[in-house]
Every structure is written in C-alpha cells, then in structure tokens.
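First the structure, in the form of structure tokens, and then the observations on it.
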There are 2 protein chains.
Amino acid sequence: MATDSSLPGTAAFRLMVLGTDLANDFAAHLRETGLTPKHLGALAMVEQGFTRTQDDIARLMRVSPSLVVRLADQLEQRGLLERRRDPANRRKHLLTVTGKGESLLSEMGSLAAAVDAELGARLGGRLSGQLDEALAQLMGKLMEDRSRKSP
Amino acid sequence: MATDSSLPGTAAFRLMVLGTDLANDFAAHLRETGLTPKHLGALAMVEQGFTRTQDDIARLMRVSPSLVVRLADQLEQRGLLERRRDPANRRKHLLTVTGKGESLLSEMGSLAAAVDAELGARLGGRLSGQLDEALAQLMGKLMEDRSRKSP
DNA sequence: TATTGTTATACTCTATAACTATA
DNA sequence: TATAGTTATAGAGTATAACAATA
C-alpha cells in the first residue's frame, strides 16, 4: 500500500496515532460527564441496533464482559441507557438508549462533525470524500466480521 | 463531509474506533516485550528525527513529561534507546535509537505492513491508495502543528 | 526566573477469575 | 453443561504535583 513500508510510513501506524489522538480529544470533552470514549462507543452500538445484549457489546468492542457491566451501570445511572430483562430468556438484558442518551449522542455527533469539518479543511474536498468512503467501508467490514458467529 | 452526520456516521468516530482497535492489536503483539504502543510511538518519533529531547516527545505526543521519563527509562533498559546529556545544555537529554531499537521498529513495521495488506484487500487498490494519501497528509499536518512553537 | 527532567503519589481503566442465575 | 451477567480483585497506564538541576 504505502510506498514507504517503515513503521511510520504505514497506514496502520497512522490510523493508530490519529485514532488514539482523537480518542483523547473525545475523552477530554466527556470528562465532565464522568464517561469515557468506550461508554460512547457502547451507547452508539446499542443505538445503531448492532447489539441487543451486554454480551453483544463485549464481542463487538472486544472488551471483557465485566467491563460492559460497569459501562452499562454507569450509563444507566446517568439515565442514558435502560436495561430490562428479556422475558423470553431471563439471563439476558435487553438494552435501549433513552431520550437523554440520544441527546448525548447527538451532542457528541456535533463535536465529531466539527472535527470532520477540520479534517475536510486539511484535506480538501476530494481527499476528504475519499477518506470518508474508505473509513465507512472498513468500519462496515469490521462490524460485519464481528456480528458473524452470533445471530 | 460524511452524508450522515450522526456520531457513528462521522469520519472522526470511525477513525477513533478503527485506530484504538488497531492500537489494541499492536499492544497484544508488544506484550511479551513489556512495551506499549506509546513506547513504539516515542521510539518512532526519535528515529524519524522529529524529536531530540524528552520534552519534544511530551509535546508531540501530548503526554506528560513524567510519562516520557518512564517510557525512556524502559526503552533504555531494553537497549532500544540511548540517552546522553547535551554538552551544550546539560539540562537536556539527547535521544538516539540503537541498532536494537531499529530492529524492533523494523519488526513492528512488518506487522504494520501486513495490516496494510489486509486493509488493501478490504478496500481494493483505488480506495486504499486514497486512504494512504489522506492519512499521510493528516499525519503530516499534525506533526507540523506540534513542531511549531519549538525550534 | 524559566526550562528540562525526575520522583512520589494517586487515580482511572481494564482484565482475570470466581461466582450466581437461568437455560 | 452452557450461557448471560455479576462481583472481587489486581494490575497496567497515566496524570498531577512537588522537586532538583541547569540555564
């Protein structure tokens, strides 16, 4: 892919650096709420309909089930997420995003859109459209892979 | 930028998710060495000539100076990095990557290249070239911004 | 006084393992 | 016996603040 195959010249390295740097920014904006980027990711997964249970979240995000308990606890405490037992299988908790949760997602969506605008300014219209397209496809494949092996 | 401006539809969100996920993969591969992705990042910054002192690293990577001390300590202990006092300004430590450090960077570069190949397979040649171009430009601007305000 | 680096300390995030309950 | 979730515990990673040395 990259013409330079030394570590800093790879797309993988750059994705890692840019992505973790962005995660730091999001973390800073979330700090006052006591939430982390992972809380946000979990909430977004639920809202998008990728997950119905805590187990789904753990697999999709590749985090331990015990962490999901904590994330869900804290999201629930803040009124952003609802847990209720699945009547059909009382081991499961069905998760839904509350109105307040939607608000938070929307608010953070605005922050993300502002970042996108800045990226757009740095890349120009052509390249930034291409970046969007590539990232959307990678994200889609990732979700697809991790959704497999679980109805 | 993105046609969908909800959080999960933004480039910023996807960069964050894909980047931190990749960082986890790198962390797993580094585990046996006792190093983290940040150690690797610091080493790469030094090797690329972006930084000459610990202070530079802290600013470029946006981490605390005290963390840089620990990173440098551990890299030095493993013979990957050398610290020597700057004779011209004895407060500073001039950092250089050792041969062993270059080897590690090269090894992790191969891992990154393998990831790039997989990304390429998922995106196809056209899109993956465009992703490379966009990421390279974003990374360049980032380094440029953070190098400013410090000769 | 300002810069560079260090130490001491404490806190946040996360995983592992053992457990409960349901199936 | 297997699955979904929970609790208890411990460890890794990081920042803050106080400090030392040099300029």
Side-chain angles (χ1 to χ4, degrees), chain A residues 16 20-21 23-42 45-46 51-77 81-95 149-151, chain B residues 16 20-21 23-43 46 51-77 81-95 149-151:
Chain A
M16 180 168 63
T20 58
D21 200 61
N24 269 347
D25 290 341
F26 274 87
H29 282 271
L30 285 168
R31 192 136 301 146
E32 60 195 281
T33 68
L35 301 174
T36 66
K38 285 223 163 86
H39 289 93
L40 204 61
M45 291 299 104
V46 173
T51 80
R52 286 169 42 259
T53 65
Q54 296 183 191
D55 213 45
D56 287 341
I57 295 180
R59 199 167 17 72
L60 278 171
M61 298 182 65
R62 294 205 301 184
V63 297
S64 69
S66 68
L67 175 57
V68 180
V69 171
R70 188 168 299 273
L71 295 176
D73 280 351
Q74 292 164 338
L75 288 168
E76 201 179 28
Q77 277 163 23
L81 188 75
E82 269 181 9
R83 261 199 281 221
R84 59 184 202 292
R85 288 205 113 82
D86 183 348
N89 182 341
R90 293 164 39 75
R91 285 174 304 189
K92 295 188 183 179
H93 282 167
L94 298 180
L95 305 173
K149 286 201 164 183
S150 75
Chain B
M16 181 169 62
T20 58
D21 200 62
N24 269 346
D25 290 341
F26 274 87
H29 281 273
L30 285 168
R31 192 134 301 147
E32 60 194 283
T33 68
L35 301 174
T36 67
K38 284 223 163 85
H39 288 92
L40 204 60
L43 203 58
V46 173
T51 79
R52 284 169 43 260
T53 66
Q54 297 183 189
D55 214 43
D56 288 340
I57 294 180
R59 197 167 19 72
L60 279 171
M61 297 181 65
R62 296 204 301 183
V63 297
S64 70
S66 67
L67 175 57
V68 180
V69 171
R70 188 167 300 272
L71 295 176
D73 280 351
Q74 293 164 336
L75 288 168
E76 201 178 28
Q77 277 163 22
L81 188 77
E82 269 181 9
R83 259 197 283 220
R84 59 183 203 292
R85 287 205 114 82
D86 183 348
N89 183 341
R90 292 164 39 76
R91 286 174 303 189
K92 295 188 183 179
H93 281 168
L94 299 179
L95 305 174
K149 288 202 162 181
S150 74

Could you give the start and end, 5' to 3', of the contact zone on DNA chain D for chain B, using atoms under 4.0 Å from its heavy atoms?
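On DNA chain D, the outermost contacted nucleotides are D:dG13 to D:dA23.
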Whether the side chain of B:Arg91 and the base of C:dT4 hold a donor-acceptor pair under 3.5 Å is what I'd like checked.
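Between C:dT4 and B:Arg91, which were checked side chain against base, a qualifying N/O pair under 3.5 Å is absent.
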Selection from C:dG5, C:dT14, C:dC13 that lies nearest to any side-chain heavy atom of A:Arg70
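Per side-chain heavy atoms of A:Arg70, the pick is C:dT14.
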Could you please name the option among C:dT22, C:dT6, C:dT16 that lies closest to any side-chain atom of A:Arg85?
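Selected nucleotide (nearest to the side chain): C:dT22.
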Only one of A:Arg85, A:Lys92, A:Arg91 clears side-chain hydrogen bond (donor to acceptor under 3.5 Å, both in side chains) with A:Asn89; which?
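Answer after filtering A:Arg85, A:Lys92, A:Arg91: A:Arg91.
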side-chain hydrogen bond (donor to acceptor under 3.5 Å, both in side chains) with A:Asp56: which of A:Gln54, A:Arg52, A:Arg59?
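The option that passes is A:Arg59.
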Please walk me through it: do B:Val63 and B:Lys38 pass side chain to side chain contact (heavy atoms under 4.5 Å, CB included)?
CA-CA 9 Å; B:Val63 297; B:Lys38 284 223 163 85; 3.6 Å; yes
Find out whether B:Leu71 and B:Leu67 are in side-chain contact, i.e. whether some heavy atom of one side chain is under 4.5 Å from a heavy atom of the other.
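Result yes, sub-4.5 Å side-chain heavy-atom pair found.
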Is there a side-chain contact between B:His39 and B:Leu30 in this structure, where contact means two heavy atoms from C-beta onward sitting under 4.5 Å apart?
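B:His39 vs B:Leu30: side chains apart.
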Spacing of [X] atom [atom1] relative to [N] atom [atom2], expressed in whole Å:
X       : N      : atom1 : atom2 : result
B:Asp56 : C:dT3  : CG    : P     : 14 Å
A:Leu67 : C:dT16 : CG    : P     : 11 Å
B:Gln54 : C:dT7  : CD    : C1'   : 13 Å
B:Arg52 : C:dT3  : CZ    : P     : 16 Å
B:Arg59 : C:dG5  : CZ    : C1'   : 14 Å

Between A:Asp86 and A:Ser64, who's closer to the 5' end of DNA chain C by nearest nucleotide?
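Between the two, 5'-proximity favours A:Ser64.
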Could you pull out the closest heavy-atom pair between B:Ala58 and B:Ser64, with the gap in Å?
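Answer, listing the atom of B:Ala58 first, then B:Ser64: CB-C, 4.3 Å.
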With a 4.0 Å limit, can you tell me whether A:His39 has a side-chain N or O closer than that to the phosphate oxygens OP1/OP2 of C:dC13?
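A:His39 to C:dC13 OP1/OP2: no side-chain N or O under 4.0 Å.
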Hey, does A:Val68 reach any base, or is it just sugar-phosphate, or nothing, if we go heavy atoms under 4.0 Å?
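If one applies the 4.0 Å heavy-atom cut-off, A:Val68 turns out to touch nothing in the nucleic acid.
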Select base, sugar-phosphate, or nothing to describe what A:Arg83 touches, counting heavy atoms under 4.0 Å on all strands.
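Touches sugar-phosphate only.
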Taking for each residue the nucleotide of DNA chain D with the nearest heavy atom, is it A:Asn24 or A:His93 whose nucleotide lies nearer the 5' end?
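Its nucleotide being nearer the 5' end, the pick is A:His93.
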When the nearest nucleotide of DNA chain D is assigned to B:Leu35 and to B:Pro87 on a heavy-atom basis, which residue is associated with the more 5' position?
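Per heavy-atom nearest nucleotide, the more 5' residue is B:Leu35.
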Step by step, work out the side chain to side chain contact (heavy atoms under 4.5 Å, CB included) result for B:Leu75 and B:Leu35.
CA-CA 8 Å; B:Leu75 288 168; B:Leu35 301 174; 4.3 Å; yes
